[in-house]
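Worksheet: one structure, shown below.
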Amino acid sequence: MNSLVIDLFMCGVAYVILIYFVATMTKNSLKRGNSNNDDGDGGVENLTPPKIDLPPGVIWPSDVPKKSKTPEPADF
């Protein structure tokens, strides 16, 4: 039981030291003022949706031809 307490205590100390170093390194990078709203992925921003090639006979709902409001006269 005594060695378990020592091991837990040593793990706790190592955890505190690790968190301290991570916090100090993060604080330095935040002070530099990287506030240019850059997410860092690079490349050219393209906001147009991709053109998907559909099989023959399939159309997008937005490409449906407009129907006329007046019904066609029926021949009897």
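Interatomic distance, Ser3 OG to Leu8 CG, rounded to the nearest 0.5 Å: 9.5 Å.
Grouping the Ile, Leu, Val, Met, Phe, Trp and Tyr side chains by contacts below 4.5 angstrom, directly or via other members, places Phe21 apart from Val16. Hydrophobic clustering of Ile, Leu, Val, Met, Phe, Trp and Tyr side chains at less than 4.5 Å, counting indirect connections, unites Ile52 with Val58. Under the 4.5 Å side-chain heavy-atom criterion for grouping Ile, Leu, Val, Met, Phe, Trp and Tyr, Phe9 is not connected to Tyr15 through any hydrophobic cluster.
Counting heavy atoms from C-beta on, the side chains of Leu54 and Ile59 never come closer than 4.5 Å. Between Thr24 and Tyr20, some side-chain heavy-atom pair lies under the 4.5 Å cut-off.
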